[in-house]
Amino acid sequence: MALIPGDGIGPLVTGAVEQFMEAMHAPIYLERHDVHGDMKSMPPEVMDSIRKNKVCIKGGLETPVGGGVSSINVQLRKELDLYACLVHCFNLEGLPTRHDNVDIVVIRENTQGEYSGLVPGVVESLKCLIAYC
């Protein structure tokens with residue numbers, strides 16, 4: 001499985017995933033790749049690893065601001081034709097939160113608007129579909 005720790009808190013989050021997999025004795029080999037958001041493009045060997053493994057754990061990558069620069073995140077979405085980002089939000093038993101009984105899936109479409117990288121400099125409203133589970 002490809003692993004891109006990323007920038008900022010990315011290495012902390014992906015490190016926790018690694019610890020979890022190790023504690024579960026998951027029979028998984030992680031191909032670690034040193035990729036950062038300030039890189040001009042995704043190294044070809046990383047794309048080869050993602051395609052070969054068909055799975056990638058990716059921490060957050062810094063997104064450059066201004067200048068019409070296409071981020072590594074946008075490059076990944078385009079190169080791999082990643083149509084949507086899904087996030088399941090729910091309460092964890094025993095963990096107090098501001099709102100009770102939260103159980104929703106947020107689907108963010110990646111091919112239009114400001115997530116597509118197609119319209120630099122133009123502010124568009126985010127298009128989100130919230131599906132209640």
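Residue numbers start at 1 and run along the sequence shown.
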Evaluate the side-chain contact (heavy atoms from CB on, under 4.5 Å) criterion for residues I107 and V105: first the C-alpha distance (whole Å), next the side-chain angles of each, then the deciding distance (0.1 Å), finally the verdict.
-> CA-CA 6 Å; I107 304 168; V105 173; 4.1 Å; yes
Group every Ile, Leu, Val, Met, Phe, Trp and Tyr by side-chain heavy-atom contacts under 4.5 Å, then state whether I57 and L76 land in the same group.
->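 I57 and L76: separate clusters.
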L82, M42: one ILVMFWY side-chain cluster at the under-4.5 Å cut-off?
->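 L82 and M42: one cluster.
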Test item: D7 side-chain N/O and G37 main-chain N/O as donor-acceptor pair under 3.5 Å =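 Side chain of D7 to backbone of G37: a pair is present.
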N/O donor-acceptor pair under 3.5 Å between Q75 side chain and K40 backbone =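 Yes, because the side chain of Q75 sits within donor-acceptor range (under 3.5 Å) of the backbone of K40.
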Side-chain donor/acceptor pairs under 3.5 Å, residues 10-22, sequence neighbours excluded:
unit_1	atom_1	unit_2	atom_2	d
T14	OG1	G10	O	3.0
T14	OG1	P11	O	3.4
E18	OE1	R32	NH2	2.6
E18	OE2	R32	NH2	2.8

Would you check if [X] and [Y] make a side-chain contact, meaning some heavy-atom pair closer than 4.5 Å?
X: V102; Y: F90; answer: no
X: D103; Y: N101; answer: no
X: I4; Y: C56; answer: yes
X: E31; Y: K52; answer: yes

What residue among R77, H36, E62, M39 forms side-chain contact (heavy atoms from CB on, under 4.5 Å) with I72?
->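 Passing option: M39.
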Point-to-point distance, once rounded to the nearest 0.5 Å, from CG of D38 to OG1 of T63 =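 Answer for the CG-OG1 pair, D38 versus T63, is 11.0 Å.
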Kindly determine whether S49 and H33 satisfy side-chain contact (heavy atoms from CB on, under 4.5 Å), including the steps that lead there.
-> CA-CA 9 Å; S49 175; H33 300 282; 3.1 Å; yes
So M47 and L80, side-chain contact (heavy atoms from CB on, under 4.5 Å) or not? Walk me through it.
-> CA-CA 9 Å; M47 293 306 300; L80 299 171; 3.6 Å; yes
What pairs of donor and acceptor atoms, side-chain ones from residues 93-100 against any protein atom, are under 3.5 angstrom apart with sequence neighbours left out?
unit_1	atom_1	unit_2	atom_2	d
T97	OG1	N91	ND2	2.8
T97	OG1	H99	O	2.7

Just do the side-chain contact (heavy atoms from CB on, under 4.5 Å) check on K58 and L3 with the steps written out, would you?
-> CA-CA 6 Å; K58 181 184 83 65; L3 172 69; over 6 Å; no
Nearest non-hydrogen partners of N53 and A2, listed with the distance |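 Shortest heavy-atom contact: ND2-N, 3.8 Å.
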